[in-house]
There are 2 protein chains.
Amino acid sequence: MVAKDRQTEEIIFEAATEEFIHKGMDGARMQEIADRAGINKALLHYYYRSKEKLFNAVFEKLSGQIFKKFAPVLDDNLSFEEKIRFFYREHLEILRKNPRLPAFILNEMNRNPEWMKKLILKIDIPKVWERLESLHKEDFERYHITRDNFPQLMTSIVALSVFPFAARGIFSTILESMGYDFDDYIEKRKIYAADFVINALR
Amino acid sequence: MVAKDRQTEEIIFEAATEEFIHKGMDGARMQEIADRAGINKALLHYYYRSKEKLFNAVFEKLSGQIFKKFAPVLDDNLSFEEKIRFFYREHLEILRKNPRLPAFILNEMNRNPEWMKKLILKIDIPKVWERLESLHKEDFERYHITRDNFPQLMTSIVALSVFPFAARGIFSTILESMGYDFDDYIEKRKIYAADFVINALR
DNA sequence: GGAAGGTTTAACCAGATGGTTAAAAGTAGT
DNA sequence: ACTACTTTTAACCATCTGGTTAAACCTTCC
């Protein structure tokens with residue numbers, strides 16, 4: 001029966017996602033995933049042959065999510081500044097909805113560097129640079145963005161949105177001790193981070 | 001024999017550090033730590049009664065390292081800008097020498113949030129804010145730093161130095177694909193990040 | 001040299017863990 | 001109702017893991 005098949009598979013997938021994202025590959029237990037999905041442990045192996053296969057399925061979907069919304073960066077119709085604002089607005093919103101994603105990805109990437117290496121090498125980074133450079137020649141000149149300092153800028157931009165989530169445990173504690181709220185902080189960050197970068201470049 | 005005692009304990013500690021920093025609490029194996037230290041597994045339990053105790057000893061030392069060098073921030077004799085430059089110079093240097101530290105800390109903090117919460121709450125954050133605010137009243141006014149956007153600024157500053165290491169796996173791959181070197185990138189970052197922040201505030 | 005102390009080892013153990021198996025239960029087409 | 005098929009289950013297994021035990025081995029001091 002296709003309908004129920006799909007349902008069970010999805011229930012398992014979601015339970016596995018929860019478990020892996022909280023405890024990582026090493027910490028997660030097949031029994032716990034089964035319990036969470038309300039099924040027998042053998043059923044896990046029926047749908048996903050091994051823990052590794054199940055993990056890979058989950059990881060692939062989650063890592064895809066975090067790299068989404070990067071595409072509009074290459075869009076013709078947005079100015080350089082608009083791109084920066086767009087990026088923080090959209091990316092921080094995705095992360096707000098999936099706050100554990102960054103920690104999870106960094107975690108597993110650290111555990112299995114080769115894995116991520118393959119994923120990254122699919123993207124032709126030098127081409128991205130060339131495209132951006134030709135698309136915003138004037139801005140790049142005005143802001144002194146060169147091929148040499150381009151990585152510095154890019155990593156800075158990403159750091160400002162991803163790091164608060166990667167270190168959410170620390171940050172939300174600190175924020176609370178000052179009487180602020182993490183979700184509030186993120187909402188304001190959509191503007192703050194964009195202003196911060198644009199100002200830094202001027 | 002005190003001399004040898006100390007030596008064995010240190011060898012174990014170093015082996016455990018290596019193992020934990022590479023594989024985390026969950027991934028690390030007592031047998032591997034013993035092998036790495038060239039001793040018997042039972043000897044581990046003789047010196048450190050359990051895996052958890054051993055881990056805590058390692059974690060405490062490592063987490064101390066990353067929070068060192070934050071103290072001069074409260075120093076009277078440095079101007080606000082000098083503090084920012086000092087921070088990136090010193091902090092990035094520590095991280096360059098211990099590149100796996102950030103990933104490890106974030107990792108374990110994610111695994112055991114309560115743990116870190118206690119550690120953070122030892123610091124009186126509001127007091128740090130007050131001290132800085134009174135120390136650099138003019139700068140804060142000029143740069144529009146208020147109690148409300150202070151967390152935004154602080155997290156941004158830390159993000160720029162820590163995140164490249166937390167995501168080192170990705171970043172070094174990307175850098176290499178553009179023909180650059182991670183260590184070079186970090187060396188340049190000491191200046192770049194400081195300029196970036198100071199410009200952003202202007 | 002031998003008693004007393006800490007140090008190191010090999011062998012062992014209970015429980016957890018990922019994975020398997022074979023049979024029962026459900027479903028659909030005829 | 002019967003067959004062919006997929007789905008689900010309980011029971012089981014081999015291996016791994018953190019931790020223990022009891023005996024051997026040093027060192028030191030008398």
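Reckoned from all heavy atoms, side chains included, excluding hydrogens, waters and symmetry mates. Note that this is a predicted model, so its numbers are computed, not measured. A, B, ... follow the sequence lines: proteins, then strands. Residue 1 opens every chain.
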Where the side chain of [X] is defined as all heavy atoms beyond and including C-beta, which of [options] is the nearest nucleotide?
| X | options | answer |
| --- | --- | --- |
| Ser50(A) | dG19(C), dT9(D), dG6(C) | dG19(C) |
| Lys41(A) | dG19(D), dG19(C), dA10(D) | dG19(C) |
| His45(B) | dG18(D), dG6(C), dG18(C) | dG18(D) |
| Ile39(B) | dT8(C), dT9(C), dT7(D) | dT9(C) |
| Tyr47(A) | dT7(D), dT9(D), dG18(D) | dT7(D) |
| Arg29(A) | dG19(D), dG18(C), dG19(C) | dG18(C) |
| Tyr46(A) | dA10(D), dT6(D), dT9(C) | dT6(D) |

Looking at [atom1] of [X] and [atom2] of [Y], how far apart are the two atoms once the value is rounded to the nearest 0.5 Å?
| X | Y | atom1 | atom2 | answer |
| --- | --- | --- | --- | --- |
| Phe104(A) | Thr17(A) | CZ | OG1 | 8.0 Å |
| Leu153(A) | Ile84(A) | CG | CD1 | 6.5 Å |
| Leu175(A) | Arg168(A) | CG | CZ | 11.5 Å |

Separation of atom [atom1] in [X] from atom [atom2] in [N], rounded to whole Å:
| X | N | atom1 | atom2 | result |
| --- | --- | --- | --- | --- |
| Lys53(A) | dG18(C) | NZ | C1' | 14 Å |
| Glu19(B) | dG18(D) | CD | C1' | 14 Å |
| Phe55(A) | dG19(C) | CZ | P | 14 Å |
| Leu43(A) | dA25(C) | CG | P | 16 Å |
| Met30(A) | dT15(D) | CE | C1' | 16 Å |
| Asn40(B) | dA23(D) | CG | P | 17 Å |
| Gln31(A) | dG18(C) | CD | P | 9 Å |
| Arg49(A) | dT21(C) | CZ | P | 12 Å |

| query | Is the phosphate of dT8(C), meaning OP1 or OP2, less than 4.0 Å from a side-chain N or O of Thr8(B)? | reply | yes

| Residue whose nearest DNA chain C nucleotide is more 5′ - Ala28(A) or Ala42(A) | Ala28(A)

| query | So does Asp195(B) pair up with Arg85(B), basic N to acidic O under 4.0 Å? | reply | yes

| cation_pi(Arg111(B), Phe55(B)) dist<6.0 Å, angle<=45 | yes

| query | Has the side chain of Lys51(A) got a donor or acceptor atom sitting under 3.5 Å from an opposite partner on the base of dG19(C)? | reply | no

